[in-house]
Structure formats: C-alpha cells, structure tokens
Undergrad: 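Sharing a structure here in structure tokens format.
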Amino acid sequence: MKARLMDRAATVVLTLIAVLIIGTLVGLLGFILSQGWHKLNLDFLTSPPDIVNAGGGIGPQLFNSLYLLVLTMLIALPLGIGAGIYMAEYAPDNKITQFIRMSIEVLSSLPSIVVGLFGLLVFVNMTGWGYTLFGGALALTVFNLPLLVRVTEDALRNVPRSQKEASLALGITKWRTIVSVILPAALPGIITGAILASGRVFGEAAALLFTAGMSSPNLDFTDFSMNSTTSPLNPFRPAETLAVHIWKVNSEGLTPDARDVADGAAAVLIIAVLLFNLSARWFGNWVYKKMTSGSN
Amino acid sequence: MSVLTMQETIIQTNNVNVYYGEKHAVKNISMDIEKNSVTAFIGPSGCGKSTLLRSLNRMNDLVPSCRVEGSIIVDGIDINSSQVNIESLRQVVGMVFQRANPFFKSIYENIAFAPRFHGMTNKRDLDELVESSLRKAALWDEVKDRLRDSALSLSGGQQQRLCIARAIAMQPTILLLDEPASALDPISTMKIEELVMQLKDEYTIVIVTHNLHQAARISEKTAFFLMGELIEMDETGKIFTSPENEKTEAYISGRFG
Ligand SMILES: Nc1ncnc2c1ncn2[C@@H]1O[C@H](COP(=O)(O)OP(=O)(O)OP(=O)(O)O)[C@@H](O)[C@H]1O
Ligand SMILES: [Mg+2]
C-alpha cells in the first residue's frame, strides 16, 4: 500500500516538473516569437542596419552568422571527428589518455567569454589579424571541439563490436574498417552532434565579441573576391554576427527602433536554432534509415 | 589420438596456452586438424572452445588482456610469428560468428565489400562472385531480387547464411564456425548443416557446437574440451560410441555439462 502511494506521488511530482519545463520553454519561445513576429519580412532580413534612423535590417549580420558557421564547421568537423576516432579506436587505456579526456572535459566547461578572451589574445593580437571572421571561427572551434569529439567518440563506441569483428575477420585493415564499416554506422549520431554544434555556433555571442568583432564593413554583395575588404567572402574582415548584433543593439543601440530590431533579430535567431535542432533529429534519423535499409 | 590416415594436416597446434590476464582459459593444447574435413569442438560452456577457435585466425588480438603461447601452424606457417601479415592470414582463415553480424549495408555490399577491398574492382567479377557465394550458401533464390535491400531486412537464419556467404566469398582455405546455428530455428539449422556438409569438399571446417547430434551428424573428427583442456580428440564415430576417457563418456551421455 505504501509503495503504491509513493509510486503515485512520484508520478505526480515528475509530471509536474515535466509540465513546468515544457511550459517555460513554450512560454519563452512564444514570447520571443510574438515580440519579433512583425519584423519578419524580406526587407528586414536583407537590408543593412541603420545607425541612427529607424528601419534598418540585419542582412549582413545574418550572412555573417551563416558564413561563420560554414567556416567554423570546415575547421572544427575534421578536427573533432579525427580526435573522436582517435579517442574511440586508437587511444591506449593509460594516464595520457585520461589526461586528454580530462582536458576535453575542462575545455567543454569553459565559459564562452573566457574562450573569447583567449581568442582575443591568440587569434587577434598574437597573430596581428585584428578582428576577423577567421579568428572568430577559430575561437568557436575551441568552443565546440569538446562537444564534437565526445559525440564522435560516443557514436563510434555505440556501433556494435560485432561489426568491427566481422570486418577484421575478413582481412580488412583496421583503418579501412573504421572508415567503411564503423564510421558509416556511427554517422547518424555524428551528424546529429554536428548540427547541434551548428546551433551553438549560430547562437554564440560572448566568444565572438572580441574575435570576430562588433562591426561589419559595408558589404558589397556583388564582390566575391575573397580578399577585398568589402567582399562578403573575405575571411579576414571583421564580422558582427546576429547574436552579437542583438547584444549590441540592446545595450547601445541609438536608433528609435532599437528595441524592435533586437526583438526581430532574436526571433530570427530562435527560429534558426530551432530549425537546426529539428533538422538534426530528422536528418540523423533519415541517414540511419538510409543506411540500414537502402542501398549502400 | 592416434589414427592412421593419409590425410594432410592443415592446422597444427603445439602446446597452446591462452590467458586472459590471470585467467588460464586454454591449457596446453596440441592437436592436428585435417585438410578438407569437418572438425567439431564440443564441451561445456566456458571450457575454452571459442578462445581456441579465435586463436586460429588471431581474433584474440582484439582482446588487450589476451596472451597466446605455444605455436599454431597453419599451412606450414607459424601464424603468431612477426612476419605474418594478419590481413592475409584472415583471408585464408575465414570466420563465422555465433550471432549473425551482417554489415549495416545492402545484401550485395555485405559480400562485395571485402573482395573489393582486396583488389577485385571489376563490377562483373564482383557480380559473379556475389551470385556464386550466395548460391553456395543456399541463399541465392531467396535474395536474388532484393540484393540492394539492407541485410538487416533478412531473417536471422538468412542473415547467418549471408555471413557464411560473405566468408566464402573470400575463398578461404579454412572456415571457422563458432556455434553458427545456436540462435536459429530447426529448419535454418538444418540448412546450415547441409551447407557445412557441402562445403567440406572445398574447405577445412572447424565448428564449435553445443548440439551433440549436430556434431555427430556433420563432423569427421570431434574434440572434447573440459575446463580449458583437450580431454579427447578422435573420429567422431568413436567419440560418440566408445570414447576412451570416462569424462567424455559422461559428457556425451548427458551426465554433466
Ligand atoms: N574477453 C575475455 N576476457 C576475459 N575472460 C574471457 C574472455 N573471453 C572468454 N573468457 C573466459 O575464458 C574462458 C573460456 O571462454 P570461451 O568463450 O572460450 O568458452 P566457450 O567454451 O566458447 O564457452 P561457450 O560454450 O559458452 O561459448 C571462460 O572462463 C571465459 O570466462
Ligand atoms: Mg563460445
């Protein structure tokens, strides 16, 4: 009788907690979206911000965020997946490996502002580049590497051992076994992790304030020369991202519609991050289905 | 263990000991396995059958704590010597595991993957190899219209026959089977037994089984293990009718194990 009662009580309490969490989440999203909803139009999404007058947009910031995301992933994915493969398949079980694992843990718990200051020191000052997209991408790589390494390692470890045995027993080399048997089977997990990391990159502000900077040059979207200062593709130019823009407009915006702009930008940001998360699930599942049912 | 035959020995183990850390799993085993015959390993659970079997293609290398002592000669070569290329060894000594473990790939790719890796790149050669391997494994008729489907869509028995086909496609000399039918229904089991009987003309087969009737039906030689030791190895008929050792007698008459 007593056990029954405890069971009931626990169920009620846990349900309440779950409702609370979901309620908070829905409330938060609803609030941000309803505040920014009226701003969501093509003009706002594509035109550059205005420093003094109302009616500016977030075009360059949106572009910067996306471009930074691509740059970061180009650097972080090979490193993260490579390190994850090492940790799962090659690292011997010894003190050095434990030390590496501990370092990754520490790195993953660093506040992003600290990563930003580290970036300022190394990628901005020591290199003499100044505020650049590339410096921002490197800082975000530092920030996301632990997540990517861990996700890759876990995904590889979760592939049944029998898959590896099957391949090795056929005289396939270890490296080829990893690349052609284990990695494909682990891909859904790795993709999910990579997309979650993308969401973090997209929403990150603190690590970028002092690395990619708080300003964007007047971008000329007809110039794709990679090294001209107004080219959107030049990785060695400062680049204010959407998240940084929200922070800046909110704290020091001069335009009469600063609040509006921040709300609109926040809505765009939230939608993008939501899209990343949903697509992570969907894409991961899709790849898994493809891998286990389709031709390959 | 002294049977006069004209048979050629293909595997010879000399005083083989296998340890997992402190655990002494296989004790001082010396045996000869004949070419193109079926040899069955029997004995109670935990007596070291799989361990010995896995030493024959060095799958125990995967277990960090595992140590193999003594010599194992396959086709005249000491497989534990440092000159041996482990990938080539495993091409010669194929293995099928207790639980079917097809790759998370298509049926076709399950078979073509390893031969392609080992240098067979011509599409037509691969197609032919896939078909002939599936035919030998008595699976062709069941899967010929769905080669591009996932191997995981097959039934357990079909998956195990696919694993056998995959091993055969490498054209090994020796095939190690570790309880290949233990997770299967009687009909699938029968199919696999028939398969083993057919394959022995071309391959040397070593099969671990808990099913004594199965051992009696399909093998020429039977080796009985107990707590890591080889108690008796002889013609299968002799082991099952008039074993020399009383422990063997006790085991096959079901008095322990
Ligand atoms: N990876 C391992 N690490 C440590 N000990 C092991 C390992 N694999 C097997 N052993 C031990 O070695 C002994 C022999 O195991 P093995 O798997 O060879 O037995 P088996 O005869 O195949 O048994 P079964 O019929 O149940 O498959 C057992 O005592 C087992 O606990
Ligand atoms: Mg076993």
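Quick note on labels: first sequence line is chain A, next is B, and so on, each numbered from 1. Basis for what follows: all heavy atoms, side chains included, without hydrogens, waters or symmetry-related copies.
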Undergrad: Report the residues that fulfil side chain to side chain contact (heavy atoms under 4.5 Å, CB included) with A/Leu233, sequence neighbours left out, ordered by chain and then residue number.
TA: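 Residues passing side chain to side chain contact (heavy atoms under 4.5 Å, CB included) with A/Leu233: A/Phe63, A/Tyr67, A/Phe224, A/Met226, A/Ser231.
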Undergrad: State, with a plain yes or no, whether a side-chain heavy atom of A/Leu170 is found less than 4.5 Å away from one of B/Phe103.
TA: yes
Undergrad: If you count the non-hydrogen atoms of other residues, nucleotides and ligands that lie under 6.0 Å from CZ in B/Arg99, is the total more than 12?
TA: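 Atom CZ in B/Arg99 is not crowded, with 12 or fewer foreign heavy atoms closer than 6.0 Å.
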Undergrad: Which distance, rounded to the nearest 0.5 Å, do you find between the CD of B/Glu87 and the NZ of A/Lys174?
TA: 11.5 Å
Undergrad: So what's closer than 4.5 Å to chain A heavy atoms on B/Pro172: side chain, backbone, both or neither?
TA: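 For B/Pro172, there is no contact with chain A at all, as no heavy atom is under 4.5 Å.
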Undergrad: Side chains of B/Phe117 and A/Ser167, heavy atoms from C-beta outward: is any pair under 4.5 Å?
TA: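 Not in contact.
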Undergrad: When you compare the side chain of B/Leu62 with that of A/Glu165, does any pair of heavy atoms fall below 4.5 Å?
TA: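 Yes. Closest side-chain heavy atoms under 4.5 Å.
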Undergrad: For the residue pair B/Asn101 and A/Ser162, what are the closest heavy atoms and their distance?
TA: ND2-O, 3.1 Å
Undergrad: Tell me if the CG atom of B/Asn122 is crowded by more than 12 foreign heavy atoms within 6.0 Å.
TA: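 Yes, CG of B/Asn122 has more than 12 neighbouring heavy atoms, counting only those of other groups under 6.0 Å.
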Undergrad: Check each atom of A/Pro160 against the heavy atoms of chain B and say whether the ones under 4.5 Å are side chain, backbone, both or neither.
TA: side chain
Undergrad: Is there side-chain contact between A/Ile172 and B/Phe113, with at least one heavy-atom pair below 4.5 Å?
TA: yes
Undergrad: State whether the number of non-hydrogen atoms from other residues, nucleotides or ligands found under 6.0 Å of A/Leu14 atom CG is greater than 12.
TA: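 Count over threshold, so yes.
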Undergrad: Under a 4.5 Å heavy-atom cut-off, does chain A meet the side chain of B/Arg54, its backbone, both or neither?
TA: side chain
Undergrad: Quick check for you: to the nearest 0.5 Å, what is the distance between B/Ile86 atom CD1 and A/Thr173 atom OG1?
TA: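 With rounding to 0.5 Å, CD1 (B/Ile86) is 11.5 Å from OG1 (A/Thr173).
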Undergrad: Can you name the nearest heavy-atom pair linking A/Ala166 to B/Arg166, along with the distance?
TA: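 Closest approach of A/Ala166 to B/Arg166, heavy atoms only: CB-NH2, 3.3 Å.
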Undergrad: Between B/Met59, B/Arg58, B/Met95, B/Gln91, which has the largest tally of heavy atom pairs under 4.5 Å with chain A?
TA: B/Met59
